[in-house]
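So the structure is just underneath, and the comments pick up after that.
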Amino acid sequence: MASKTVTIGSRTGLHARPAAVFVEAARAAGVPVRVGRPGGAQVNAASILAVMGLGVEHADQVVVTSDSQETVDQLAELLARDLDED
Amino acid sequence: MEASARVIRGIPASPGLGVGPLVRLPRRVAPPADEPAPATLEDGLAEVAAALEQVAQGMEARAEGATEAAKAVMRAGALIARDPDLADLVRDRIAEGLGVTSAVAAAADSFAAQLESLGGLMAERAADVRDVRDRAVARLLGQPESGVPRLGWPFVLTADEVSPAEAATLDPALCLAIVTTGGGPTSHTAILAAQLGIPAVVGARGIETAPERVTVAVDGGRGEVEIDPSPARLEQLRTREDARKRALEGFSGRGATKDGHPVPLLANLGALAEAVRLGAWDVEGVGLFRTEFLFMDRDRAPSVGEQEAIYRRLFNGIGGLPVTVRTLDAGSDKPLRFADLGLEDNPALGQRGIRTAGKFGSLLDDQLAALAQAAERTGADVRVMAPMVATEAEAEWFAGRARARGLERVGVMVETPAAALMAGRILRQVDFISIGSNDLAQYTMAADRLRPELAGLLDPWQPAVLQLIGLAAEAAGSTGKPVGLCGEAGGDPALALVLIGLGVTSLSMAPPKIASVRAALASHDLRHCRDLAGAALAAPTPAAAKQAVLDAAAPILAALT
């Protein structure tokens, strides 16, 4: 099991557009991925409702976990970017 | 005098003139009462999955050829319809014995409630979840999906509120204007309408009784809806709109008089989403950020941490522009469940604004602490002010609380005649004052803001109201401290000239009104504004005051008002 802690780069947090980009990428990964605050509940990264329900803000930290190190790296890199800007 | 068409006044949300037949957004389809459970769990799940997939595909299809903003909403909608956690929750509800539509509604509602409890931007996404719910329920009942009607001819859309997904499917070529009874300038609808260039008026109470297909003229810059105007009146409105557009050409950037006297032009905001999109408007900051939205529909006050996170997003969202935050204005017509002082015979004269501070434990202190922390963490230029102040002692008390938490720039609202008369002494305690012209008119004229038949007395052109504004501004002028105005009065280009002439130093208003005020100011010297203020004060009635100003102002003003 691979996991990585990352700081949210999106200006509005994991909100509409950044959340959608992240969830689409998690679904495309083809392996189960979980995400949550360090020490908090970990939710299904393929669920936009669960991801938005984390209420994650800009500059907050989250942990991404999956069996695939490559998926974890990819998704962590995505979360660190400002997805509102792309 | 010619009988005038009925005019409904709302809040300007997106400028421009739209004229056409009024079409109501179809009512949402609710799950039937006593809906039977499906024959088997698997049957029910298959039925729901098919309906949600149809909804997702429908949204994806609509995203094609839509604007960027609309695409984002549709994409999020499709993701919600295909959400695995939503499907799991629907399964649980069906297993408990609910029928398919009831199960979808219950599952979606619980996610919507969860998002709402987060407050701020996340809370606004609850509307997306409810939109998917309504579409799926309609599909399951074999009815057309709710949403904007596809009529093939141009129309003016009206509804209680337009969901983001509905707003996103609007075709600007066919949707001439939007009028909602609910919303406020806070709503997502207002922002999307402005992006699409569709004129919009929100909070237009009274439009719900207008007959379907009646011709309406919607002026989104003024916030006015005229029902069944005569052809001559329509011609007038169109000429006025053309003239207004021409008059606005060539004015942009910081507000200033013709001779370069700066007048910051600021936005009145009341929701986070507006702040995040403030860049769409040419403004210099936020002159009034109402924090009530944070506290509405809650059973408990939000914690310091929760508030701080929301304020941080607010400050980040407006990208370094100065922002004046008004502390919670509870009471009167804005009751809160967790801060209820019981019914009062005269709520407008009762325990409201600063008067409720200290009655609910740490409510005010928590808010000030959260604002101070958020300001420090973001480095934002933040000022705070208290509502409904009547005495120097109240100003002193508030300033002490705010400064103790590290907030450096502290002010109070001038909404009572008492505060206007005592502005000089109040300014010994605070750094600035901000005139709330709507309440100042109500309390000066002793006329209830909520009584439409008293609108004449509440006119901000009333000489008594102008006198009091002048007194407060003069007192502020002698101290050199800023005196802003954040009521609707500042958005009237003619009145804005008078206010600056009286000594007001900045104006804050609904963002769609700023362009006209900027053009008016840039066309008049400060001295000219002072002469206009003198003419307005000397006039016997509000109508005479406005006419006197129009007569003595530069010709461009007639086109702007």
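We use all heavy atoms of the structure for the numbers below, so side chains are in, but hydrogens, waters and symmetry mates are not. In what follows, chains are A, B, ... by sequence order, proteins preceding strands, each numbered from 1.
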Enclosure of A:Glu70 CD (heavy-atom neighbours >12, cutoff 6.0 Å): no

Between A:Ala20, A:Gly53, A:Ala59, which residue shows the highest count of heavy-atom pairs closer than 4.5 Å to chain B? A:Gly53

Tell me, out of B:Ala309, B:Ala76, B:Ala112, who's got the most heavy-atom pairs with chain A below 4.5 Å. B:Ala309

To the nearest 0.5 Å, how far apart are CZ in B:Arg75 and CD1 in A:Ile48? 9.0 Å

Neighbour count >12 (heavy atoms, 6.0 Å) for atom CD, A:Glu77: yes

Closest non-hydrogen atom pair, A:Ala46 against B:Pro84: O-CD, 3.4 Å

So, does A:Arg27 use its side chain to make a donor-acceptor pair with the main chain of B:Leu79 at under 3.5 Å? yes

Identify which part of A:Val51 has an atom lying under 4.5 Å from any heavy atom of chain B, answering side chain, backbone, both or neither. neither

Would you mind checking which part of B:Arg377 comes under 4.5 Å of any heavy atom in chain A, side chain (CB onward), backbone (N, CA, C, O), both or neither? neither

So how far is it from A:Met52 CE to B:Asp128 CG, rounded to the nearest 0.5 Å? 6.5 Å

How far does CG of A:Leu49 sit from CG of B:Asp83, to the nearest 0.5 angstrom? 4.0 Å

